[in-house]
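Notes follow once the structure below has been shown.
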Amino acid sequence: MANSNTLPLYQKVAVKRRVHRALDITILSLLVLLLTYRLFFLHTHGFSWLQATAFLSESWFTFTWLLLVATRWNFFNYKTYPDRLLKRVEELPPIDIFVTTADAALEPPIITVNTVLSLLAVDYPADKLTCYVSNDGGSPVIFYALSEALNFAKIWVPFCKKNHVQVRAPFRYFYNNKDDYLVAGDSPEFRHEWTKMKDEYEKLSQRIGQAALRDLTGELPHFSNVTSNNHPPIIKVIWENKEAGIDGLPHLIYVSREKKPEHQHHYKAGAMNVLTRVSGLMTNAPYILNVDCDMFVNNPEILLHGMCLLRDAIIDKEYAFVQFPQNFYDGLKDDPYGNQFHVLMEFIMGGTNGLQGPCYMGTGCIHRRKILYGQPPDGGSNFEVELHKRFGKSEKLKISAVDALRRIAHNPSRPLLSESHSIEALKEVASCDYEYNSSWGAQVGWLYGSAAEDLLTGLRIHQKGWKSALVVPKPKAFLGCAPSGGPTSLTQQRRWVTGQLEVLFSTKSPIFALIFGNLQLRQCMFYLWLSLWGIRSVPELLYTLLPAYCLISDSRFLPNVRELAACIPLLLFVVYNVQQLLQYMETGQSFRAWWNNQKMGRVNTMCSYLFGVIGIVFKLLGLSETTFEVTKKGLSTSNDEDEVKEDLGRFTFDESPLFVPATTIMMIQLMALSIGLSRSMEARSYVITELPMGEMICSVWLVLCFWPFLKGMFAKGRFGIPWPTLCKSSAFTLLFVLFALTKNE
Ligand SMILES: O=c1ccn([C@@H]2O[C@H](COP(=O)(O)OP(=O)(O)O[C@H]3O[C@H](CO)[C@@H](O)[C@H](O)[C@H]3O)[C@@H](O)[C@H]2O)c(=O)[nH]1
Ligand SMILES: [Mn+2]
C-alpha cells in the first residue's frame, strides 16, 4: 500500500459534458447562420437601419457566445483529500484570516459575529490561525460584539469540535435545527449541552442587539470622537492564544484603519491592504483567507481543502489562489431575484479550471501572501531591491515582507505585540497617508481603480502567469447573504458591472494583459466575457426595441413565417432555452427557478447594466466618480422583519432611476402589441403568414420577462412603481411611439 504521505492531496478530474458541448456549438452555428441571413438580406434588399441594427446586435450576441463557449469548453473539477493532509498536520502552515465589515447599520454586527465564530471554530490547528476583523465604519458596537463573542467562543468552539458540528455559525445551527433537531439517539449530556449553548447564544445576541441601541463610548473610551469617516487607527488584540496551543482559540484582532474625510480610502480594497500590512507585522502568515462579513464557514474542513492544493509540492510554484464558489444561505424558493448563481458556478466557472483558473471573487479565497506582494512566478530578479519603493516607509514592514517573499514564517509562539511590532508600528501602517509614494494598490496588495477590486486583483495575478483553482467541496464551503427586493439587488449588480467596465476601460484591461503580460488567450476570452456583461445592455436594449418598432411601424425585422429562414431564430430561441433549462435541472433547481433567472437576467441587463454603462461613460468624461455602496444584509433573506411570508420574493421598487428603462420597455411592448393587433384586426388579415408573428412572439416574451413591472404599475407601496418613474417612462414611451409612427409615414 502506498505510504499515506506520498498519496496525492488532490486530483484534477475532467468533466465530459457532451450534450452541452453539442448544444453550445448548435447555438453558435445558428447565430452564424442568422448573421449570414442578415448579410444576404442587406445585399439583396439594400441597406436598412432596421436590418443593420438587428445585424449589429446579433453580432454582439454571437461574439459573447463565442467567448462563453471558449471559457467552458474544457471543464475540470478538483477533488481534494483533506484526510490525507491531516496525517501530515505538522506541515500545515499558518493562515491569516481577514473579515471585512463596513457599516453596522447595513451589516448587523450579529452577522459579523456569526462569521467570526464559524472561522474561530474551523478544523485547523488553532495556534496557526489569526482572525483579523476590519471595521471600516469604526463603530464601537462591532468591537463590543466581538469581545462578547469571544466569551461565547470559549464554549462554542469546543462544543462544535467535540460534537463534529457541521455549521459552526450559531444562528444557522440553531435556526436549521430548532428544537426538533434533538433526535431520539442524542445522549442526555448532549441535550443538556445543546440547550445551554442555545441559551448562551440567545443571550449573546440580545446583548449585542441592546448594545446597538446604547451609546457605548462611555464604556469604550477609545471610540469617543469617532465618526465613520474621521477617526484615528484603532487596533486591539481581543484574544491572544498564548498557551492553549492547537486546541485553544485562534488569535482575534480588531482593526479599524484611520479615516480622514480628505483622504481617499479606496473602500474594501483599502481595508484589505491595511489588514495585509497589520497582519504582516503581527503574524505574517504565508497564506491569507478572506471573507465578507456575511460569509460564514459551512464546511469546517475548508482550510484543509484549500491547503490540499496550495501545499502540494508539484503545483506549489503555479497556483496563486484557491477560490471557493460563492453560495448563499436561506435562498428564497425558486430564486426570485436570480442571484443564487448556481448555474454560473457549475457551468461556467469550473470551465476556467481548464484555463488559468477562476477569477478572484472577493470572498472565500485563499491567497499566497507573497503573490499579493507582487511576486511573479519566476521569483523576479531584483524584486527585493525595490522593496523600499514598494512597501512604504515602515522598516519593520519591509523586513516582514522580505520574510514573506522568502517564505520564512514567523515563529507561531511569538507574542502578538512586542517592541519590534508594537501598537505604534501597527498604527503607522494603518494610517491614511501610509500608502503615499508606495506601490500599495498599484502593484502590491489589493488593487485600486475599480469597484470590483476582486476582479482587478485576480486579473493582475493571472497576467503575471500564475494559475488559480476553483475548489467545490461538499458540503458547500461558505454561505453568505444574497440581497432580496428590487433596489438592493439591482444596486449590487450595477456596482459589479461598473467595476467590470472600469477594469475593461483601463490600462489594466484583459486585452493589455494578453498583449503585454502572460495572460493566456482563452483566459483573456473569459475575462472579456465577464467584463462585457454591462455592454450587453446596449444591444439588448436595441433588440427589445426592434419588435416594438416593427409592430408600431408595420415593418419586419425577422424573416416571415413563409421563409425557410424563419426557422433560424425559432430554433435559436428553442435550443437556447432548452439548454438553459437543462442546466437548471442538472443543478437541482426547478422550472420556476430557470424562469425567474431568465426573467431577472433581462431586468438586470436593462436596469443595472445599462446604468453601469452610463456611469462609466460619465466617469470616462470626468463627470463623476464611482462609489462602493455596501449591500444590505440580514440574518434571513427577508430583510424586513415585518415582511409577510407571501411577500417574500416579490419585487420591490423605490424612486431610483434604475427602474425607468424596464418600466419603459414594458410600456412600449404593451403599446406595440395593441397597435400591432388592432392594425391586423382592421385589415382583417388573420392569415398567419400575413401577421408579424416573430415580432409578436418577441414582444409577448418581453412582457412576460418584465412581468414584475406590469404588476408594479398597479400595486401600491414598495411593491408599486413610484409616480415619477411612471411619468418618465410614459414620456419615453410616447416619444418612441411617435418616432416609430413617423417612420411609418
Ligand atoms: O468601504 C467598504 C465597503 C465594503 N467593505 C466590505 O466589503 C465586503 C463586500 O461588500 P458587499 O456590500 O457585501 O458587496 P457584495 O456585492 O456582496 O460583494 C461582492 O462584490 C464585491 C466587489 O464589488 C467584492 O468585494 C466582494 O467580496 C463580493 O462578495 C463587505 O464585507 C463589506 O463590509 C469594506 O470593508 N469597506
Ligand atoms: Mn456581500
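One-based numbering, in listed order, for ligands and for the atoms of each.
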- Item | Flag side-chain contact, heavy atom, 4.5 Å: His367 against Tyr287 | no
Identify whether NZ of Lys or CZ of Arg in Arg277 sits under 6.0 Å from the centre of the six-membered ring of Trp440 and within 45° of that ring's axis.
yes
ask   = Is the Tyr329 to Phe171 ring centre distance short of 6.0 Å?
value = yes
Exceeds 12 heavy-atom contacts within 6.0 angstrom, atom CD1 of Ile423 | yes
task = Indicate the ring-plane relationship of Trp529 and Phe526, choosing parallel, tilted or perpendicular according to the 30° and 60° boundaries.
result = parallel
Legend entry - Phe223 and Tyr254 aromatic ring geometry - parallel, tilted or perpendicular at 30°/60° bounds: perpendicular
Those residues with a heavy-atom separation under 4.0 Å from ligand 1 are Thr100, Thr101, Ala102, Glu107, Asp136, Tyr267, Lys268, Asp292, Cys293, Gln326, Met361, Gly362, Thr363, Ala451, Glu453, Asp454, Gln492, Arg495, Trp496, Phe628, Val630, Thr631, Lys633
